[in-house]
Every structure is written in structure tokens, then in C-alpha cells.
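Heads up: the structure comes next, in C-alpha cells.
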Amino acid sequence: MIQLLKRSIYNTKANMTRSYHLAIQLCCMMIAAFIFIGISANTAQAASGLKIYNYTTKKTSTYTGKQVITTCNGTKIGNSKYPGIIVDGVALLPYYDIFDTSRIDADCVYDYKKGTLSISKYGTKIVMTIGSKKATINGKTVTLPAAPMKIKYVASDKMKILVPSRFVAEKLGLGYTWYNDKSTVAIQKYTLQLSYNSGDKFEYTGVQGKVSIDGKNVTLGSTPSIIINNTAMLSAYKVFSNSAIDADYTYNKTNKTATFSKDGNIFVMTIGSKTAYLNNNPMTLSAAPVYVTNYETKTSYVMVPGSITASCLGYDYKWNS
């Protein structure tokens with residue numbers, strides 16, 4: 001945590017008879033209605049079933065269990081046309097949709113001839129075989145809670161390979177929570193995919209910090225503070241302009257300069273340079289400002305060294321690890 005502080009009877013016999021017959025008629029109508037509702041409910045339930053073809057058993061069946069939704073860091077991932085399914089208490093998810101093309105971005109390879117697939121991330125490589133509970137993790141043999149399945153979603157005529165999701169997620173170092181009432185697998189990714197100054201994409205595994213100003217947390221959205229060269233880097237706009245600090249801030253894309261103005265002070269920094277200027281006087285920064293692209297959220301922003309920027313704008317600065 002970074003803290004910035006500033007300085008709602010009555011009837012005849014005939015009527016009673018008519019009421020009696022009417023009651024019988026109403027009763028019959030209600031019974032018929034209940035029967036109809038029951039038939040409709042059964043029809044709807046059957047219609048909501050998921051027809052799948054199992055390539056191993058070569059059989060088509062209707063799956064009527066929970067259809068699993070998946071999120072990563074609170075955002076839905078995967079395709080609703082290809083939901084996960086529950087087999088023997090294990091949530092099986094399409095490996096390519098969930099672990100490859102989502103923000104998890106694992107390296108996934110499927111060998112059609114061998115019937116094997118591998119999922120790799122953070123130095124861990126899991127190799128599994130369709131229809132087998134035997135797998136390897138970095139070459140070491142392990143037993144899976146459920147065998148991967150190669151199936152076809154009949155309605156969309158699409159083939160998918162499903163894998164035991166908790167096992168894969170946790171072995172890759174991801175957080176995993178099952179919400180039974182929502183039929184949802186919630187995966188937590190603790191790292192960020194970033195690039196600096198339009199360079200190569202990489203996995204940031206360092207600290208993701210918070211910021212407070214005069215004791216009140218700043219809403220950082222997709223721009224947590226990060227550490228570069230032992231220096232906490234903060235969002236130029238969200239922390240120093242769109243906040244209680246309320247400094248005038250501009251970023252010139254042509255010359256890549258970030259300029260802050262407050263209380264008569266003008267502080268200018270240049271992306272990639274450790275030389276900055278306070279009221280035209282040069283100073284050396286501990287880390288150069290960076291233009292960060294966050295591939296998790298598909299956003300880009302300028303990040304500046306927090307301590308020196310706060311000081312130049314008249315604020316005390318404290319880092320609480």
C-alpha cells in the first residue's frame with residue numbers, strides 16, 4: 001500500500017349446489033393445469049439438456065447436469081456454446097478456450113495422432129492423454145482426478161477436449177474456487193501480461209500495489225502500482241490527476257513527455273529517460289517513466305516513479321510493504 005498525505009355468507013340451497021359444482025369444475029381444471037405444467041417442465045428440462053458425442057465411447061448422450069461457467073479474475077472466459085460439465089464430481093472444461101485463448105494465455109499443444117495434449121505456464125508443463133487418468137508434470141507421473149475427454153457439442157457440431165479444471169489450474173499456480181450455487185468455476189490469475197514502451201510481452205510476477213491519498217484508497221482499476229528497479233511505479237493519470245491530488249496532467253505522444261502542474265510547480269518527465277525537470281531544473285530519477293500495455297485488460301497507460309512525483313507535487317510519500 002502506498003500512502004500519499006497532504007499537508008391490506010350467506011347462500012341459499014340452490015346457490016350452495018351451484019357453488020359445489022363450480023368447486024368441482026375448478027378442482028378438475030387445477031388438476032389438469034398441474035399435469036400440463038408438469039409435462040411442460042419435463043419438456044423444458046429435456047430441451048435444456050446438452051447433447052454430446054464422446055469420441056472414446058463413440059456414443060451420443062444427453063447431459064442434464066450443471067453446465068459450468070468459468071471466470072478469470074471476475075471476468076467471464078470461454079464460450080457459452082461450449083460449457084463445462086461435471087463428471088464424477090469433477091468440473092471438466094474445454095482446455096483450449098479456458099487455458100489458451102483467455103487471459104490465462106497458457107501454451108497449449110494437441111497431438112491428434114497420439115491423443116495427447118500439453119498445457120504449459122510458469123515453468124510447469126502438464127501432459128495428458130485423452131481417456132487416461134495418467135499424466136505427467138514436468139516429466140513426473142501423476143494421477144488425474146478424471147480423464148480428459150474428447151467430445152463434440154452436437155448442437156454446434158464443434159469438437160472440444162475437456163480437462164479436469166481444478167487440477168490443471170492449481171498445478172499451474174492459479175487460484176481456483178467452485179461456486180456450486182452459480183455453477184461457476186472462478187480462476188484467479190496472480191500475474192499480469194505486460195509490455196514496456198511497446199517492447200516484448202512478458203509475465204509480470206512482482207508486487208501489485210494499492211495507493212491511498214490522505215487515508216482514502218485510490219480507484220486504480222486495471223492499473224495497480226508495479227515495481228521497476230526497486231521503485232514503485234504509479235499511474236500518472238489515475239493517481240496524480242484523476243484523484244484528490246488533482247494535478248493538471250498532459251501526455252504528449254509525439255515527444256513522449258508527461259507534464260504535471262500543481263501549486264506553481266511544473267514537473268516534466270520523458271518516457272524511457274531518467275532525467276526529469278522540476279521548474280526547468282534537471283534531476284535524476286531512480287527509474288524512468290514507462291508506457292505500459294496491459295494485455296489482460298487491453299489498456300495502455302503512463303506510469304511514473306511514485307516517490308519523486310509525489311514529492312515534486314507537494315506530498316509526503318510512504319511505502320508500506
Check your understanding: Does the side chain of T257 pick up a donor-acceptor pair with the side chain of T270 at under 3.5 Å?
Key -> no
Practice item. Taking salt bridge (charged side-chain N to carboxylate O under 4.0 Å, His left out) as the test, write out the residues that go with K160, two or more places apart. Key: D97
Check your understanding: Can you name the nearest heavy-atom pair linking V304 to P289, along with the distance?
Key -> CG1-CB, 4.2 Å
Practice item. State yes or no: do I98 and Y179 share one hydrophobic cluster built from I, L, V, M, F, W and Y residues joined by side-chain heavy-atom distances below 4.5 Å, directly or via other members? Key: no
Review point. Distance only, no hydrogens: is a donor on one side chain within 3.5 Å (strictly under) of an acceptor on the other, for K51 and T62?
Key: yes
**Study point:** C72 versus K189, closest heavy-atom pair with distance
**Key:** SG-CB, 4.0 Å
**Study point:** Test side-chain contact (heavy atoms from CB on, under 4.5 Å) applied to D157 and K152, step by step
**Key:** CA-CA 6 Å; D157 194 32; K152 178 169 67 177; 3.2 Å; yes
Check your understanding: With the threshold set at 4.0 Å, does a side-chain nitrogen-carboxylate oxygen contact exist between D107 and K121?
Key -> no
Review point. Does any N or O in the side chain of S241 come within less than 3.5 Å of the main-chain N or O of A247, such that one atom is a donor and the other an acceptor?
Key: yes
**Study point:** Minimum side-chain heavy-atom gap V68-P83 below 4.5 Å
**Key:** no
Review point. If you draw a 6.0 Å radius around CG in D88, do more than 12 non-hydrogen atoms from other residues or ligands fall strictly inside?
Key: no
Point to revise | Test log, rule side-chain contact (heavy atoms from CB on, under 4.5 Å), inputs M303 and I226 | key: CA-CA 9 Å; M303 303 201 78; I226 60 176; 3.9 Å; yes
Review point. Atom OG of S118 and atom CD1 of I126: how far apart are they, to the nearest 0.5 Å?
Key: 9.5 Å
Check your understanding: Does the side chain of T191 come under 3.5 Å of the side chain of T205 through a donor N or O and an acceptor N or O?
Key -> no
Exercise for review: Might you point out which heavy atoms bring A287 and I228 nearest each other, and give the distance in Å?
Suggested key: CB-O, 3.8 Å
Exercise for review: Ignoring hydrogens and angles, tell me if any N or O in the side chain of S165 forms a donor-acceptor pair with the backbone of A91 under 3.5 Å.
Suggested key: yes
Check your understanding: Do the side chains of I130 and Y55 join up, straight or via other hydrophobic residues, at under 4.5 Å, putting them in one cluster?
Key -> yes
Exercise for review: Check whether any side-chain heavy atom of D248 sits under 4.5 Å from a side-chain heavy atom of K262, and report yes or no.
Suggested key: no
Point to revise | T136 vs T141, side chain to side chain donor-acceptor pair (under 3.5 Å): CA-CA, chis, key distance, verdict | key: CA-CA 4 Å; T136 62; T141 301; over 6 Å; no
Practice item. Consider only side-chain heavy atoms of I, L, V, M, F, W and Y, link residues closer than 4.5 Å, and tell whether Y190 and I119 are in one cluster. Key: no
Review point. Do you know which two heavy atoms are closest between V163 and P148, and how far apart they sit?
Key: CG1-CB, 4.4 Å
Practice item. Output yes when a side-chain donor or acceptor of N229 lies under 3.5 Å from a complementary backbone atom of T231, and no otherwise. Key: no
**Study point:** Donor-acceptor contact below 3.5 Å, side chain N252 vs main chain T254
**Key:** yes
Review point. Are any non-hydrogen side-chain atoms of V302 and V292 less than 4.5 angstrom apart?
Key: no
Revision key, fill the gap. In short, P305 meets M269 closest at the heavy-atom pair CD-SD, 4.0 Å
Review point. So do L92 and M149 actually touch side chain to side chain, heavy atoms under 4.5 Å?
Key: yes
Exercise for review: Using a cut-off of 6.0 Å, state whether more than 12 heavy atoms not belonging to N281 lie near its atom CG.
Suggested key: yes
Point to revise | CA sep, side-chain torsions, deciding dist, call: T129, T116, side chain to side chain donor-acceptor pair (under 3.5 Å) | key: CA-CA 4 Å; T129 302; T116 61; 5.8 Å; no
Review point. Under 4.5 Å between side-chain heavy atoms, hopping through other hydrophobics if needed: is there a path connecting L172 to Y110?
Key: yes
Review point. When the ring centroid of Y315 is compared with that of Y317, is the distance short of 6.0 Å?
Key: no
Check your understanding: Can you tell me how far OH of Y237 sits from OG1 of T223, rounded to the nearest 0.5 angstrom?
Key -> 11.0 Å
Point to revise | Exam field: side chain Y301 to backbone S222, donor-acceptor pair closer than 3.5 Å | key: yes
Check your understanding: Going by heavy atoms in the side chains, are F260 and L313 under 4.5 Å from each other?
Key -> yes
Review point. Looking just at side-chain N and O atoms, do Q193 and D105 make a donor-acceptor pair shorter than 3.5 Å?
Key: yes
Check your understanding: Heavy-atom distance under 4.5 Å between the side chains of I187 and T70, does that happen here?
Key -> yes
Check your understanding: Can you find a pair of side-chain heavy atoms, one from V211 and one from L234, that are under 4.5 Å apart?
Key -> yes
Review point. Counting only N and O atoms by type, is there a donor-acceptor contact under 3.5 Å from the side chain of T309 to the main-chain atoms of G306?
Key: no
Exercise for review: May I ask you to check whether over 12 heavy atoms, not counting those of K125, lie within 6.0 Å of atom NZ?
Suggested key: no
Revision key, fill the gap. d(I245 CD1, K238 NZ) to nearest 0.5 Å is 14.0 Å
Review point. Going through the distances and angles, do K158 and Y82 end up as a side-chain contact (heavy atoms from CB on, under 4.5 Å)?
Key: CA-CA 8 Å; K158 190 72 172 180; Y82 321 121; 3.6 Å; yes
Check your understanding: Do the two ring centres, one from Y53 and one from Y153, sit under 6.0 Å apart?
Key -> no
Practice item. Test Y196 against every option in Y291, F202, Y204 by the ring-ring contact (aromatic ring centres under 6.0 Å, His included) rule and name the one that passes. Key: F202
Review point. side-chain contact (heavy atoms from CB on, under 4.5 Å) between I86 and W178: does it pass, once the steps are laid out?
Key: CA-CA 12 Å; I86 306 294; W178 166 250; 4.1 Å; yes
Review point. Would you find more than 12 non-hydrogen atoms of other residues, nucleotides or ligands less than 6.0 Å from D200 atom CG?
Key: no
Check your understanding: So if you build clusters from Ile, Leu, Val, Met, Phe, Trp, Tyr with side-chain heavy-atom gaps below 4.5 Å, do V109 and F99 land together?
Key -> no
Review point. Rounded to the nearest 0.5 Å, how far does CG of L278 lie from CD1 of I308?
Key: 8.0 Å
Revision key, fill the gap. Note: I213 and A244 closest approach over all heavy atoms is CG2-CB, 4.0 Å
**Study point:** Distance, nearest 0.5 Å, that separates CD of E170 from OH of Y176
**Key:** 8.0 Å
Review point. Under a 4.5 Å cut-off applied to non-hydrogen side-chain atoms, are T101 and Y96 in contact?
Key: yes
Check your understanding: Do other residues, nucleotides or ligands put more than 12 heavy atoms under 6.0 Å from the CG atom of N279?
Key -> yes
Review point. Does NZ in K66 sit with more than 12 non-hydrogen atoms of other residues, nucleotides or ligands closer than 6.0 Å?
Key: yes
Review point. From T71 OG1 over to K76 NZ, what is the distance, rounded to the nearest 0.5 angstrom?
Key: 10.5 Å
